Amino acid sequence: GNSVTQMEGPVTLSEEAFLTINCTYTATGYPSLFWYVQYPGEGLQLLLKATKADDKGSNKGFEATYRKETTSFHLEKGSVQVSDSAVYFCALSDTGYQKVTFGTGTKLQVIP
Amino acid sequence: GAGVSQSPRYKVAKRGQDVALRCDPISGHVSLFWYQQALGQGPEFLTYFQNEAQLDKSGLPSDRFFAERPEGSVSTLKIQRTQQEDSAVYLCASSLGGDRDTIYFGEGSWLTVV
């Protein structure tokens, strides 16, 4: 079956630090990969996605590259801000109807 | 509205009560999903509708859970005889239905069973 493994949190960084959140996946097919973000008290929002190997998804300064050879989709940002504090979920879907499998989430706290 | 709307946002139920959670998807969205998110965990798939047809209900944890979408728009997730382990956030999501289309999530219904 499908599964997503992401690094455990919480991750605490100072403002302007570099962020990496690791994510690896197992899938039976050729999945699309996603990063979702959940800000405190809010719903899940799609942060970025990639649908094929070597694609780079990017949004709001965050980037992730679909690496088929290592089955990874690590999230990076060069300089985090306090407003980036949230829970980040790596996810995939590979069925014809977009059934999404999520990781357990990584809480990021950015301190001034 | 512009997004996926869920109600109620918060529900406290006594053990053994029945609850109904409503989802209004984005207008015109063919696909609708329900997920369950326990505290500190990622969302877990419950069920999927394509229009009014429930094509996958493999994630429903027991026969106490029932979902419907009779006219292919609004959906209701019903939980009968609630138990404490049902306490979670129930997320609804919708999409246009293409296999690469973006899925939009609602803010969720927070259920606490006491």
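What you see below is based on every heavy atom in this structure, not just the backbone, and it leaves out hydrogens, waters and symmetry mates. None of these values were measured; they are calculated from a predicted model. In what follows, every chain begins at residue 1, and chains take the letters A, B, ... in the order their sequences are listed.
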*Asks:* Please check if A/Tyr30 and A/Val4 belong to a single hydrophobic cluster, counting links between Ile, Leu, Val, Met, Phe, Trp and Tyr side chain heavy atoms closer than 4.5 Å.
*Replies:* yes
*Asks:* May I ask you to check whether A/Tyr36 and B/Phe105 place their ring centres under 6.0 Å from each other?
*Replies:* yes
*Asks:* Within the supplied structure, the quantity of interest is the number of heavy atoms (other residues, nucleotides, ligands) at a distance under 6.0 Å from A/Glu76 CD; does it exceed 12?
*Replies:* yes
*Asks:* Quick one, A/Val100 and B/Ile103 - any side-chain contact, counting heavy atoms below 4.5 Å?
*Replies:* yes
*Asks:* Would you call B/Pro43 and A/Phe89 a side-chain contact if the rule is heavy atoms closer than 4.5 Å?
*Replies:* yes
*Asks:* For B/Arg64, does the CZ atom have more than 12 heavy-atom neighbours from other residues, nucleotides or ligands under 6.0 Å away?
*Replies:* yes
*Asks:* With chain A, which of B/Tyr104, B/Trp110, B/Tyr35 has the greatest number of heavy-atom pairs at distances under 4.5 Å?
*Replies:* B/Tyr35
*Asks:* Indicate, with yes or no, if B/Val4 and B/Leu46 share a hydrophobic cluster defined by side-chain heavy-atom contacts under 4.5 Å among Ile, Leu, Val, Met, Phe, Trp and Tyr.
*Replies:* no
*Asks:* Can you confirm whether more than 12 heavy atoms, excluding those of A/Glu16, are under 6.0 Å from its CD atom?
*Replies:* no
*Asks:* Can you tell me how far apart CZ (A/Phe102) and CD (B/Gln37) are? Round to the nearest 0.5 Å.
*Replies:* 8.0 Å
*Asks:* Please indicate whether A/Glu8 has more than 12 foreign heavy atoms, meaning atoms of other residues, nucleotides or ligands, lying under 6.0 Å from its CD.
*Replies:* no
*Asks:* So what's closer than 4.5 Å to chain B heavy atoms on A/Leu46: side chain, backbone, both or neither?
*Replies:* side chain
*Asks:* Should we say atom CD of B/Glu71 is surrounded by more than 12 heavy atoms from elsewhere, each under 6.0 Å from it?
*Replies:* no
*Asks:* Are B/Ser58 and A/Lys99 side-chain neighbours, meaning at least one heavy-atom pair lies under 4.5 Å?
*Replies:* yes
*Asks:* Working to the nearest 0.5 Å, report the span between OG of A/Ser93 and CZ of B/Phe45.
*Replies:* 11.5 Å
*Asks:* Any side-chain heavy-atom pair from B/Glu107 and A/Gln38 closer than 4.5 angstrom?
*Replies:* no
